[in-house]
Protein chains: 2
Amino acid sequence: MTREIQGNTEKISEFTVRRLSNYFRILRELEVKGVTTVSSARLAELGGITSAQVRKDLSYFGNFGTRGLGYKVTELKDAVIRILGLNHRWGMALFGAGSLGHALFFHNGFREDGFYFTHVYDIDDEKIGTMWRDVEIRHVREAEDRLRAAPVEIGVLTTPKESAQEVVDLMARVGVKGVLNFAPKRLELPDNMWLRNVNLAVALESLSFYLSL
Amino acid sequence: MTREIQGNTEKISEFTVRRLSNYFRILRELEVKGVTTVSSARLAELGGITSAQVRKDLSYFGNFGTRGLGYKVTELKDAVIRILGLNHRWGMALFGAGSLGHALFFHNGFREDGFYFTHVYDIDDEKIGTMWRDVEIRHVREAEDRLRAAPVEIGVLTTPKESAQEVVDLMARVGVKGVLNFAPKRLELPDNMWLRNVNLAVALESLSFYLSL
DNA sequence: TAGATTGTTAATCGATTAACAATC
DNA sequence: TAGATTGTTAATCGATTAACAATC
């Protein structure tokens, strides 16, 4: 994560990026409520962090506030949208049409943020041919050709862990740049791809640890 | 997180706990493969971290290795199981029988780790009365009485964000101690409860950030 | 002008890593 | 004994927080 960021040479930590994503949700809610101005102290309160943290996070990307006044909600929200790259549409391919894949595909929040599934692949003949909204579930053997013809930026991986790596290799071949992985498996990716792992077992097991104290 | 841990006064960071959960999966796989002994260097390689990190994480909980030899796979796996509290059965209540709740309920990995859903609640009359395995979906208004009669340690929250806080309050009243929250909402909990948030929008939006670089 | 709040620097805190004596 | 690898201490790195001059 040493690449240049929007004309800025500083390295942005993943912690900062995740908080940015939270600021986005908070600001969107404030905007809906008709709040026009917000201070770093208020944002911090809503986000459960410190105001210094808020100001520091934002300072990596520019001067969005006004001393003595705070931040204009809509203005800051729009800035955060641009920073996160949510000002355009992202195409996604889903690999694994199981119940988790189904839940993700039909989750409306993603579309509202601009993340659209345009491909769904599985290997189960029972599922192949089924329509999910306007997307037909295809056999994964068709994936490579179809993704070359209609590329996407993001691949979402909900297959069993045994096939996760080969699916990632396929994604690499067709130019997918980001992978959201739900398989409990460490994946090897080329340097020009980004990976985000979501491991629900880790979440539950860490709860279990604290409950056992 | 300042409470005593298994007779040890050191504070265990959440980073360590999450890695422990990964060691567990790695060790289980090694055991299946018939590997009997493993070094911190090999564990580190499989986990994508450093060997010093592995040794440090384990050292918080005891001396599990043998100098010159490494760790006995089964022995260490069993130790990690005890540390994580995976050596007993955890009862879970699901709030929100939507597609994400469905995916979690039917995810076999959880049962294999000892996490069992014994309650499912929703407010949709279409769903109430439906059986998921041997669990009947009930109206959330029955939850309080039923959870007092048959308590659980963990609550899993997949309701819309608007009702998340009131469900947590209910959980607190019936003695739930851990919450796995999928609603994109900051929740207030009493000090004697533990919270783990899983926010899929954060995962996607942070990918979007790096893809936009 | 007085009060409020940003943007930023310096201090602190905590997590990771390197190094190595202990020891199998 | 020689080689390997742990457990632990000290050094380093990076993230968070405190503090405050700048300024609306």
Side-chain angles (χ1 to χ4, degrees), chain A residues 1-3 5-6 8-23 27 30 35-73 75-77 79-80 83 206 209, chain B residues 1-3 5-6 8-23 27 30 35-73 75-77 79-80 83 206 209:
Chain A
M1 310 217 181
T2 45
R3 290 194 264 165
I5 286 145
Q6 307 181 353
N8 181 335
T9 346
E10 295 209 64
K11 287 159 219 75
I12 305 303
S13 86
E14 188 170 330
F15 296 103
T16 293
V17 177
R18 300 181 70 89
R19 283 191 298 267
L20 242 16
S21 160
N22 280 325
Y23 302 151
L27 290 163
L30 287 172
V35 178
T36 55
T37 299
V38 67
S39 66
S40 60
R42 178 67 179 140
L43 276 175
E45 190 187 4
L46 294 168
I49 55 177
T50 65
S51 66
Q53 183 80 86
V54 172
R55 293 197 300 279
K56 185 131 246 282
D57 285 338
L58 296 175
S59 76
Y60 292 122
F61 304 97
N63 298 359
F64 304 107
T66 309
R67 287 162 138 95
L69 280 168
Y71 303 87
K72 290 270 182 60
V73 169
E75 211 171 89
L76 184 57
K77 191 207 68 177
V80 172
I83 292 164
S206 68
F209 173 85
Chain B
M1 312 215 179
T2 46
R3 291 193 262 166
I5 286 144
Q6 309 184 351
N8 181 334
T9 347
E10 294 208 63
K11 288 158 219 76
I12 306 302
S13 86
E14 187 171 330
F15 295 103
T16 293
V17 176
R18 299 181 71 89
R19 282 191 299 264
L20 242 16
S21 161
N22 279 327
Y23 301 151
L27 290 163
L30 287 173
V35 178
T36 55
T37 298
V38 68
S39 65
S40 59
R42 178 67 179 139
L43 276 175
E45 192 187 1
L46 294 169
I49 55 178
T50 66
S51 66
Q53 183 81 82
V54 172
R55 294 196 302 280
K56 184 132 247 283
D57 285 340
L58 296 175
S59 75
Y60 293 123
F61 304 98
N63 297 359
F64 303 107
T66 309
R67 285 162 139 96
L69 280 168
Y71 304 87
K72 292 271 181 59
V73 170
E75 211 172 90
L76 184 58
K77 190 207 68 179
V80 173
I83 292 165
S206 67
F209 173 84

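Lettering follows sequence order; numbering is per chain, from 1.
- Annotation: the span from A:Leu76 atom CG to A:Ser40 atom OG amounts to 10.5 Å, rounded to 0.5 Å.
- Pair assignment for D:dG14 gives C:dC13, based on Watson-Crick or G-U wobble hydrogen-bonding distances that are each under 3.5 Å.
- OP1 or OP2 of C:dT16 lies within a sub-4.0 Å distance of a side-chain N or O belonging to B:Arg19.
- For A:Thr50, counting side-chain heavy atoms from C-beta on, the closest listed nucleotide (D:dT6, D:dT8, D:dT17) is D:dT17.
- Whole-Å rounding puts the B:Leu58 CG to D:dT5 P distance at 16 Å.
- Looking at heavy-atom distances under 4.0 Å, B:Ser40 makes contact with sugar-phosphate atoms alone, never a base.
- Rounded to an integer number of Å, the gap from B:Tyr60 OH to C:dG14 P is 12 Å.
- Distance B:Arg18 CZ to C:dA15 P: 14 Å, rounded to the nearest Å.
- Looking only at side-chain heavy atoms (C-beta outward), B:Arg18 and A:Phe209 stay at 4.5 Å or farther from each other.
- Each of A:Gly68 and A:Lys56 was assigned the nucleotide of DNA chain C with the nearest heavy atom; the assignment lying further toward the 5' end belongs to A:Gly68.
- Put simply, CG on A:Leu46 and CG on A:Asn22 are 11.0 Å apart, with the number rounded to the nearest 0.5 Å.
- A straight line from CG of B:Asp57 to P of C:dG14 spans 17 Å, rounded to a whole angstrom.
- Contacts of B:Arg42 with the nucleic acid, taken as non-hydrogen atoms under 4.0 Å apart, are absent.
- The B:Arg55 side chain lies nearest to C:dA19 when the options are D:dT9, C:dT8, C:dA19.
- Here D:dT8 presents its C1' atom at 16 Å from CZ of B:Phe61, a figure rounded to the nearest Å.
- Contact annotation: B:Tyr71 side-chain N/O to D:dG7 OP1/OP2 distance is under 4.0 Å.
- Of the candidates C:dC24, C:dT16, C:dT8, the closest approach to any side-chain atom of B:Thr66 belongs to C:dC24.
- When both pairing distances are held under 3.5 Å, D:dT23 makes a Watson-Crick or G-U pair with C:dA4.
- Here the closest heavy-atom approach between residue B:Val17 and residue B:Ile12 is recorded as CG2-CG2, 3.8 Å.
- Of all the heavy atoms in B:Gln53 and B:Tyr23, the pair that sits closest is O-OH, 3.9 Å.
- For the pair B:Gln53 CD and D:dC13 P, the computed distance is 16 Å after rounding to whole Å.
- Checked against D:dA22, D:dT17, D:dT6, the side chain of A:Arg67 finds its nearest nucleotide in D:dA22.
- Considering only side-chain atoms of A:Leu69, the nucleotide from D:dT17, D:dC24, C:dT17 that sits closest is D:dC24.
- Nearest approach of A:Thr50 to A:Ala44, heavy atoms of both residues: C-CB, 3.4 Å.
- Checking D:dG7, C:dG7, C:dT17 against the side-chain heavy atoms of A:Asn63 singles out C:dG7 as nearest.
- Heavy-atom nearest nucleotides on DNA chain D were determined for A:Ala52 and for A:Phe15, and the one closer to the 5' end corresponds to A:Phe15.
- Between the CD atom of B:Glu14 and the P atom of C:dG14 there is a distance of 15 Å, given to the nearest Å.
- In this structure, A:Ile49 atom CD1 and C:dC13 atom P are separated by 19 Å, rounded to whole Å.
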